[in-house]
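Structure first, commentary second.
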Amino acid sequence: MIKMFKKYNVIVVGAGHAGCEAAAAAANLGSSVLLITMNMETIAQMSCNPAMGGVAKGQIVREIDALGGYSGIISDKTSIQFRMLNRSKGPAMWSPRTQNDRKRFSEEWRLALERTPNVDFWQEMVSSLIIKNGKVCGVKTSLGIEIESDAVVLTNGTFLNGVIHIGEKRMGGGRAAERAATGITEQLIELGFEAGRMKTGTPPRVDGRSLNYALMEEQWGDEERGRFSYTDVELKEEQRCCWITYTNLKVHETLKEGFERSPMFTGRIKGLGPRYCPSIEDKINRFAERERHQIFVEPEGWNTCEIYVNGFSTSLPEDVQYKALRLIPGFEDVKMFRPGYAIEYDYFPPIQLTLTLETKLIANLFFAGQINGTTGYEEAASQGLIAGINAHQKVFDKHELIMKRSESYIGVLIDDLVTKGTEEPYRMFTSRAEHRLLLRQDNADIRLSPIGHELGLINDERLAKVNKKIKDSDDIVAFTRTKSIQTGEVNTLLEELGTSPVNQAVKLFNLLGRPQVGFNDLRKADATLNDLLLNYDKETIEQAEIKIKYESYFEKEMDIVERMKKMEDKEINPDFNYHQLVSLSKEAREKLMRIKPRTLGQASRISGVSPSDISVLMVHVSR
């Protein structure tokens, strides 16, 4: 009998955003990779909204790109609109976001993977894992085919025992018109894993030709189009418009008519949904005082009339959805392509993982994405990237990659999941990162590309580009420290900008420290500065300006990072028996034994472990 499959270094189960990044990373590092998906036509499907990035999520996409992942490149190639959110706030809050062509996004991801050497594909459901002596050795498919591997990355998304809810209707499925995956949850529970249920949802899709856009607010992208990727991806100049409209009290009353048939309110849905992206029925129930809620009307691509009704996620009966939609301004004659729905699925509380995303119970088995209780393409993709890297590193006995909280949002995400766990779909926010001023979207390449280069995911040319950006921005800053400008040259400008004039010659550096003053203002008043800046691109100039304006804040943040470094670097033996430390609280002993923190810093973030517990632990670890 001919053997169909060779033994692979890494098998990735699931081809969503996590699976695609995992497969690409492991393959680009040199592993032979088999990507198994139930449907080759839905690789990297944008299951919910056709968009990437947003607040904190945009920072994650830039970090993925800086490390050598593909999400930023694919997003740029398929973008139909780009916006930098929160420009009115400080640079720590600036967050890039793209509206994307749903079909082209999936197509570009598939093409990228097909062009990646070492990636093979197989279309089928994985029904179980092959486990020998506490180590994963491959997978078994629904056809009974056994495929061997050195490591397995599970990225099953919403497919593990997925159930779709629309009103009183209930059907098995991992996504609209796609079946659920079965077998893996039951096996993992048998092996000793703890599992839970979560819920997410999606809004109806409608026919854009049936909408009256004159009754809505236009929302255009940025005039000067930005990008996610630090590579030179070619961008279209053209952008598509989105629109904003609002619900009203009539819409809310109509939706309430369906509450008695809502799976959310009748208890048929047991899983917890995302707190920060609630369904429309949840919004009007929880925020009864609100007379309206914002609805974003978003095109699904360049060449389709399909519209995504962002802000109207629902599992109410389809007739109620349709009736309520027609009461929204601009939707009076709406035609619905498909109703919204909720989906319940299995997840595994992530405290069962190490910081590499390898499971504690089974060696060489990694989890990434919604299986870990997260929500969002960006969170999933970043986990996939790290899991793919670490699966390869483990197989080839190389140094594992653990991202620190002080160096990336990805590090914050994974540390939060593994250390604190989650009982509801986890979403990244800037407020979750204590060092967010250092973790900006503009410097992700400076922070992380050296790591990507050391691994082998970033080539010499890209690293040289990063180093040039650092040098050039430093040169600009150095120039402003030495160049003075006279009162006559600058005071008129300062008055126009609404800031106080100066009474003597002043360094450009000092003027740029004022919030009202930027390089684009000063170059009008100083020809030498203008001539200098003509030699640099916009991103380098922006980097220099941020360095100048926030220099003292950066220094304070770095001091905090350095003070915490002693705890973050103080490793704890994974076999340490916390029960022997009777001076620890009982709760602390239980939590520490369960999570087995890698460092004192991680131990200090475990819920239920007090500062006094850490003091006790510090003494014993130091010994």
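Just so it is clear, the structure is predicted and the values come from calculations on it, not from any experiment.
In terms of modelled atom types and a separation under 3.5 Å, the side chain of D150 and the main chain of V395 share no donor-acceptor contact. Remark: side-chain polar atoms of Q352 are paired, donor with acceptor, to backbone N or O of P349 under 3.5 angstrom. Of the possible donor and acceptor atoms, none in the side chain of N372 sits under 3.5 Å from a partner among the backbone N and O of P350. Judged purely by atom type and a 3.5 angstrom limit, R62 has no side-chain atom pairing as donor or acceptor with the backbone of G72. The backbone N or O of S32 lies less than 3.5 Å from a partner atom in the side chain of N9, making a donor-acceptor pair. Listed for the Y8 side chain is no donor-acceptor partner under 3.5 Å among the backbone atoms of S31. Without hydrogens or angle criteria, R179 side chain to M38 main chain gives no donor-acceptor distance under 3.5 Å. Remark: side-chain polar atoms of S79 are not paired, donor with acceptor, to backbone N or O of S75 under 3.5 angstrom. In this structure, the side chain of Q383 engages the main chain of E379 through a donor-acceptor pair within 3.5 Å. K360 places a side-chain N or O within 3.5 Å of a backbone atom of I351 that can act as its donor or acceptor partner.
Around the CZ atom of R292, the shell of radius 6.0 Å holds no more than 12 heavy atoms that belong to other residues, nucleotides or ligands. Enclosure of atom CD in E114 by more than 12 non-hydrogen atoms of other residues, nucleotides or ligands within 6.0 angstrom is indicated. Other residues, nucleotides and ligands place no more than 12 heavy atoms under 6.0 Å from the NZ atom of K596.
Considering every non-hydrogen atom in both S315 and A342, the closest pair reads CB-CB, 3.5 Å. Here the closest heavy-atom approach between residue F228 and residue D65 is recorded as O-OD2, 4.4 Å. Minimum heavy-atom separation, A368 to A387: CB-CB, 4.0 Å. Here the closest heavy-atom approach between residue I64 and residue Y70 is recorded as CG2-N, 4.3 Å. Counting all heavy atoms, side chain and backbone alike, E344 lies closest to H165 at OE1-NE2, 3.1 Å. Here the closest non-hydrogen pair linking R240 and T304 is NH1-O, 3.6 Å.
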>> One pair to check against side-chain hydrogen bond (donor to acceptor under 3.5 Å, both in side chains): T247 and R290. What are the steps and the verdict?
In response: CA-CA 10 Å; T247 63; R290 295 276 297 274; over 6 Å; no

>> Between L417 and L353, is the side chain to side chain contact (heavy atoms under 4.5 Å, CB included) condition met? List the steps.
In response: CA-CA 9 Å; L417 292 174; L353 305 175; over 6 Å; no

> Are M171 and V163 close enough, and set up right, to give a side chain to side chain contact (heavy atoms under 4.5 Å, CB included), and what steps lead you there?
Replying inline: CA-CA 6 Å; M171 61 210 86; V163 175; over 6 Å; no

> Yes or no on side-chain hydrogen bond (donor to acceptor under 3.5 Å, both in side chains) for S106 and Q45, after CA distance, side-chain angles and deciding distance?
Replying inline: CA-CA 5 Å; S106 181; Q45 174 80 289; 5.1 Å; no

>> Apply ring pair (Phe, Tyr, Trp, His ring centres under 6.0 Å) to residues W122 and F5 and explain how you reach the verdict.
In response: CA-CA 10 Å; W122 183 248; F5 294 97; 5.0 Å; yes

> Going through the distances and angles, do Q370 and Y347 end up as a side chain to side chain contact (heavy atoms under 4.5 Å, CB included)?
Replying inline: CA-CA 7 Å; Q370 283 170 292; Y347 87 105; over 6 Å; no

>> With side chain to side chain contact (heavy atoms under 4.5 Å, CB included) as the criterion, how do E358 and N390 come out once you've worked through the C-alpha distance, each side chain's angles and the decisive distance to 0.1 Å?
In response: CA-CA 8 Å; E358 183 181 15; N390 281 319; over 6 Å; no

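With salt bridges taken as basic N to acidic carboxylate O contacts below 4.0 Å, one links R594 and E194. Taking the charged nitrogens against the carboxylate oxygens, K394 and E400 have no contact shorter than 4.0 Å, which rules out a salt bridge. A salt bridge between E107 and K103 is absent, with no side-chain N of the basic residue lying under 4.0 Å from a carboxylate O of the acidic one. Salt bridge K57/E378: present, at least one basic N to carboxylate O contact under 4.0 Å. Between E41 and R110, at least one side-chain nitrogen of the basic residue sits less than 4.0 Å from a carboxylate oxygen of the acidic one, meeting the salt-bridge criterion. A salt bridge does not link R338 with E318: every distance from a Lys NZ or Arg NE/NH1/NH2 to an Asp or Glu carboxylate oxygen is 4.0 Å or more.
A donor-acceptor contact closer than 3.5 angstrom links the side chains of D346 and T185. Using modelled atom types, one finds a donor on one side chain and an acceptor on the other under 3.5 Å when comparing Q99 with R97. Using modelled atom types and a 3.5 Å distance limit, the side chains of S71 and H17 yield no donor-acceptor pair. If you check the side chains of Y426 and D416, you find a donor sitting under 3.5 Å from an acceptor. T98 and N100 are linked by a side-chain donor-acceptor pair at a separation below 3.5 angstrom, with hydrogens and angles left out of the test. Between E291 and N248, the side chains place no donor N or O within less than 3.5 Å of an acceptor N or O (distance only, hydrogens not considered). In this structure, a donor-acceptor pair under 3.5 Å is absent between the side chains of S210 and D333. When only modelled atom types and interatomic distance are considered, E281 and T314 share a side-chain donor-acceptor pair under 3.5 Å. Side-chain polar atoms of E298 and N310 form a donor-acceptor pair below 3.5 angstrom. Residues E124 and T141 have side chains that bring a donor and an acceptor to within less than 3.5 angstrom of each other.
For the pair L592 and V609, the minimum side-chain heavy-atom distance is below 4.5 Å. Between W243 and I295, every side-chain heavy-atom pair lies at or beyond the 4.5 Å cut-off. The shortest side-chain heavy-atom distance between I147 and K140 does not fall under the 4.5 Å cut-off. Using a 4.5 Å heavy-atom threshold, the side chains of Y213 and V297 count as touching.
Summarising the geometry, atom CG belonging to D207 is positioned 8.5 Å from atom CD1 belonging to I307; distances are rounded to the nearest 0.5 Å. Taking OH of Y246 as the reference point, atom NE2 of H293 lies at 12.5 Å (rounded to 0.5 Å). Atoms CG and CD1, from L34 and I36 in turn, are 4.5 Å apart once rounded to the nearest 0.5 Å. Atoms CG and NZ, from L255 and K250 in turn, are 14.5 Å apart once rounded to the nearest 0.5 Å. We find the OG-CD1 distance between S149 and I11 to be 3.5 Å, quoted to the nearest 0.5 Å. The distance from the CG atom of L316 to the CD atom of E257 is 10.5 Å, given to the nearest 0.5 Å.
Taking the ring axis of F337 as reference, the NZ or CZ atom of R205 does not stay both within 45° of it and closer than 6.0 Å to the ring centre.
Each of I164, I269, I166 was compared with P263 under the side chain to side chain contact (heavy atoms under 4.5 Å, CB included) criterion, and only I269 meets it. Exactly one of L188, N156, V153, T155 qualifies for a side chain to side chain contact (heavy atoms under 4.5 Å, CB included) with F367. That residue is L188. Residue D415 is tested with K420, R605, R598 for a salt bridge (charged side-chain N to carboxylate O under 4.0 Å, His left out); the sole match is R605.
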